[in-house]
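Reviewing the structure listed below.
Note: hydrogens, waters and symmetry copies are ignored here, and every other heavy atom, side chains too, is used.
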Amino acid sequence: MKLTGVELRHVEMPLVAPFRTSFGTATVREALLVRVVTDEGEGWGECVAMADPLYSSEYVEAAADVLRRFLVPALAHADRLDAVGVAPALAAFHGHRMAKAALEMGVLDAELRASGRPLARELGAVRDRVPCGVSVGIMDSVPALLDSVAGYLDAGYVRIKLKIEPGWDVEPVRAVRERFGDEVALQVDANTAYGLADARHLARLDDFGLLLIEQPLPEEDVLGHAALARQIRTPVCLDESVTSARAAADAIRLGACAVVNIKPGRVGGYLEARRIHDVCVAHGVPVWCGGMLETGLGRAANVALAALPGFTLPGDTSGSDRYYRADITEPFVVRDGHLAVPTGPGIGVEPLDDVLDGVTRRVEWIPGGVG
């Protein structure tokens with residue numbers, strides 16, 4: 001393929017309810033969509049960076065800037081345009097994995113659409129549907145949390161993840177266990193909110209039979225996670241710390257994690273995500289697919305990834321209505337606790353033009369080398 005150009009589309013999508021984590025509260029999802037146009041067709045990518053550099057150092061405007069000034073021009077001058085060639089073409093530029101992942105996703109979608117191949121099959125999927133978990137944000141009160149969890153269980157979600165932070169951890173977990181019983185698959189996510197000095201406090205969660213505790217310590221503190229894992233019984237899962245297959249292998253070797261959360265946008269794209277999956281499978285470490293409040297574009301690709309054999313735990317592959325009243329694609333609907341894996345070419349979904357136009361705030365075109 002030859003690159004005609006790349007469209008950057010800035011969108012704002014109101015959330016159905018505020019979503020609070022240890023690093024802030026979101027009421028709207030500001031997202032950057034990437035449409036890659038080639039001489040053989042086009043494909044869509046989604047950048048998972050948030051509006052502010054709170055979850056990671058990346059944020060929407062920085063992603064747009066690095067795409068505009070560096071990544072797209074570099075890709076336009078590459079000898080070959082296919083998904084495998086994206087990472088080498090962009091390797092000179094340090095970091096910016098979320099921006100690189102969005103560009104790779106767009107190229108991958110375009111390439112697969114041109115040849116009529118579904119993403120799930122290309123990645124090595126073994127299932128036609130995936131189990132759905134849901135992430136429940138920090139609430140103003142325990143009764144509000146219990147009402148929220150009850151609603152998600154009634155909707156069929158097979159796993160509940162509770163966001164936690166100091167002051168909102170043991171008691172909310174206790175309340176959920178007491179209300180809904182031990183049979184509910186339950187895990188917690190700290191988003192780096194604790195330090196190793198909190199190990200004794202975090203050990204109080206051991207009594208609740210959690211699937212895992214996700215990223216309790218800062219992302220750079222891999223050794224701290226290894227030390228914590230020796231002091232608590234709850235399995236430690238890494239999220240922010242896992243930025244590549246090499247990082248995953250190192251963390252596993254150090255004993256820093258028993259589970260890995262794979263977020264394609266965080267690690268530089270779906271091809272690196274598959275490599276992380278393969279590393280974890282080789283070491284007997286289960287993985288699951290995390291979420292970043294994706295639109296239907298990113299959700300479609302995540303569901304395809306989650307159909308790989310090593311994804312043995314339900315991920316944050318929620319239905320569209322978990323976050324949005326109107327998604328920019330046909331909505332993903334949870335049925336019997338599962339989402340169907342798209343079977344069409346590429347990511348298998350298309351944006352709905354009228355909905356997309358309604359949430360678009362800005363569009364810019366970056367020319368490539370053709371046209």
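In this structure, the side chain of D82 engages the main chain of G85 through a donor-acceptor pair within 3.5 Å. Side chain of R9 to main chain of L32: no donor-acceptor pair is present (N/O by atom type, distance under 3.5 Å, no hydrogens or angles). Under the 3.5 Å distance criterion, the side-chain polar atoms of D327 are left unmatched by any main-chain donor or acceptor of S320. Side chain of R29 to main chain of V11: no donor-acceptor pair is present (N/O by atom type, distance under 3.5 Å, no hydrogens or angles). In this structure, H283 contributes its side chain and A249 its backbone to no donor-acceptor pair below 3.5 Å. In this structure a side-chain-to-backbone donor-acceptor pair under 3.5 Å is present from E46 to T295.
Once rounded to the nearest 0.5 Å, the distance linking CD1 of I328 with CG of L297 reads 4.0 Å. Summarising the geometry, atom CG belonging to D336 is positioned 10.5 Å from atom SG belonging to C132; distances are rounded to the nearest 0.5 Å. How far OH of Y323 is from CZ of R299: 7.0 Å, rounded to the nearest 0.5 Å. From R159, atom CZ reaches atom CG of L153 across 11.5 Å, with rounding to the nearest 0.5 Å. Here S241 contributes atom OG and H225 contributes atom NE2; the two are 5.0 Å apart, rounded to the nearest 0.5 Å. To the nearest 0.5 Å, the span separating CE on M105 from CG on L33 amounts to 9.0 Å.
Under the 3.5 Å distance criterion, with hydrogens and angles disregarded, a donor-acceptor pair is assigned to the side chains of Y55 and D239. Counting only N and O atoms by type, the side chains of R246 and S244 include no donor and acceptor under 3.5 Å apart.
Looking at V259, D189, V188 one by one, the single match for side-chain contact (heavy atoms from CB on, under 4.5 Å) with I213 turns out to be V188. Applying the side-chain contact (heavy atoms from CB on, under 4.5 Å) test between C237 and each of V260, L211, L212, V242 identifies L212 as the sole match.
By the 6.0 Å and 45° rule, R20 does not stack over the aromatic ring of W168.
Classified by interplanar angle (parallel below 30°, tilted 30° to 60°, perpendicular above 60°), the ring pair F311/H277 is parallel.
Summarising the local packing, CD of E330 is surrounded by 12 or fewer heavy atoms from other residues, nucleotides or ligands at distances under 6.0 Å.
A search for side chain to side chain contact (heavy atoms under 4.5 Å, CB included) contacts involving R230 returns A226, A227, not counting sequence neighbours. Scored by the side-chain hydrogen bond (donor to acceptor under 3.5 Å, both in side chains) test, N191 finds K163, E240 as partners (sequence neighbours excluded).
Contacts classified as ring pair (Phe, Tyr, Trp, His ring centres under 6.0 Å) and involving residues 103-144 (residues at least two apart or in different chains) are not found.
In the hydrophobic clustering of this structure, L238 groups with I252; members are Ile, Leu, Val, Met, Phe, Trp, Tyr whose side-chain heavy atoms approach within less than 4.5 Å, directly or through other members.
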